[in-house]
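Single-structure report; data block below.
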Amino acid sequence: MPSATTSRKQRGRTTQKLVAAYFAANGWVHAESTGAGRPGVDVTGLPGLACEVKARRGFSPLAWLKQAASYPGLPFVVSRPDGMGPTTVESWPVTLKLSDFTILLRDAGYGSPR
């Protein structure tokens with residue numbers, strides 16, 4: 001029987017692969033999971049982006065964003081909530097700073113004209 005640590009690490013590796021596959025299928029064809037435990041972003045092949053992937057019960061968005069912000073690019077976190085598996089990856093939450101989110105919205109044409 002696998003230990004809790006082994007199961008948690010496997011869930012993390014699987015989660016990273018699922019996120020990378022989602023990006024690869026949705027416009028970032030070079031997206032790849034780096035593998036759990038490797039320093040740096042969790043998904044490569046996303047130019048200008050710093051993707052951190054979390055599959056944890058605890059919720060520490062500030063710490064996660066700080067980790068993502070330590071890498072070059074727009075920092076964001078994809079988190080996999082308990083009970084959500086591979087068929088729901090497009091529904092997993094993404095966390096980013098309000099200032100970054102506002103810029104993205106403005107660049108996409110939302111808000112009052114500048």
Side-chain angles (χ1 to χ4, degrees):
M1 175 179 230
S3 71
T5 301
T6 302
S7 295
R8 187 170 20 93
K9 286 182 180 180
Q10 180 58 41
R11 185 172 191 255
R13 280 191 293 272
T14 299
T15 300
Q16 278 187 216
K17 287 179 183 177
L18 290 167
V19 170
Y22 180 81
F23 278 116
N26 287 280
W28 288 267
V29 296
H30 300 292
E32 288 185 32
S33 171
T34 59
R38 180 188 167 276
V41 295
D42 289 337
V43 178
T44 59
L46 307 174
L49 302 174
C51 179
E52 189 64 31
V53 179
K54 298 296 181 185
R56 298 190 181 157
R57 283 204 167 111
F59 188 63
S60 302
L62 184 56
W64 298 346
L65 278 173
K66 283 181 180 179
Q67 184 178 1
S70 70
Y71 312 121
L74 173 68
F76 68 98
V77 179
V78 178
S79 53
R80 178 183 179 179
D82 282 350
M84 298 190 88
T87 61
T88 61
V89 67
E90 72 281 350
S91 297
W92 296 355
V94 173
T95 305
L96 65 157
K97 295 185 313 183
L98 179 60
S99 59
D100 292 333
F101 181 65
T102 302
I103 291 167
L104 291 173
L105 288 175
R106 294 301 304 260
D107 288 350
Y110 292 94
S112 302
R114 294 180 190 208

* Asked: Are Y71 and V43 co-members of a hydrophobic cluster defined by side-chain heavy atoms under 4.5 Å apart?
  -> no

* Any sub-3.5 Å donor-acceptor pair from S79's side-chain atoms to R56's backbone N or O? -> no

* Asked: Would a distance-only check, ignoring hydrogens and angles, find a side-chain to backbone donor-acceptor pair under 3.5 Å from Q16 to S33?
  -> no

Do [X] and [Y] touch side chain to side chain, with heavy atoms closer than 4.5 Å?
X	Y	answer
P47	W28	yes
V77	V94	no
C51	V78	yes

Report the residues that fulfil side-chain contact (heavy atoms from CB on, under 4.5 Å) with [X], sequence neighbours left out, ordered by chain and then residue number.
X	answer
D107	I103, R114
L74	L49, D100, L104
P86	L18, R80

* Asked: Rounded to the nearest 0.5 Å, what separation is found between the CG atom of L46 and the CD atom of E32?
  ->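 The CD atom of E32 is 10.5 Å from CG of L46, to the nearest 0.5 Å.
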
Minimal non-hydrogen separation, [X] against [Y], with atom names:
X	Y	value
L96	F101	CD1-N, 3.7 Å
V41	A50	CG1-CA, 3.8 Å
A24	A31	N-CB, 3.9 Å

Which atom pairs, donor and acceptor, lie under 3.5 Å between side-chain atoms of residues 59-69 and protein residues at least two apart or in another chain?
unit_1: Q67; atom_1: OE1; unit_2: K54; atom_2: NZ; d: 2.9
unit_1: Q67; atom_1: NE2; unit_2: E52; atom_2: OE2; d: 3.1

* Give the intermediate values and the outcome of side chain to side chain contact (heavy atoms under 4.5 Å, CB included) for residues T95 and F76. => CA-CA 6 Å; T95 305; F76 68 98; over 6 Å; no

* Which residues satisfy the side-chain hydrogen bond (donor to acceptor under 3.5 Å, both in side chains) test with T88, sequence neighbours excluded? ->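 Scan of T88 (side-chain hydrogen bond (donor to acceptor under 3.5 Å, both in side chains), adjacent residues dropped) gives W92.
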
* To do: Just jot down the salt bridge (Lys or Arg N to Asp or Glu O under 4.0 Å) partners of R11, sequence neighbours excluded, or say none.
  =>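 Here the qualifying residues are D82.
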
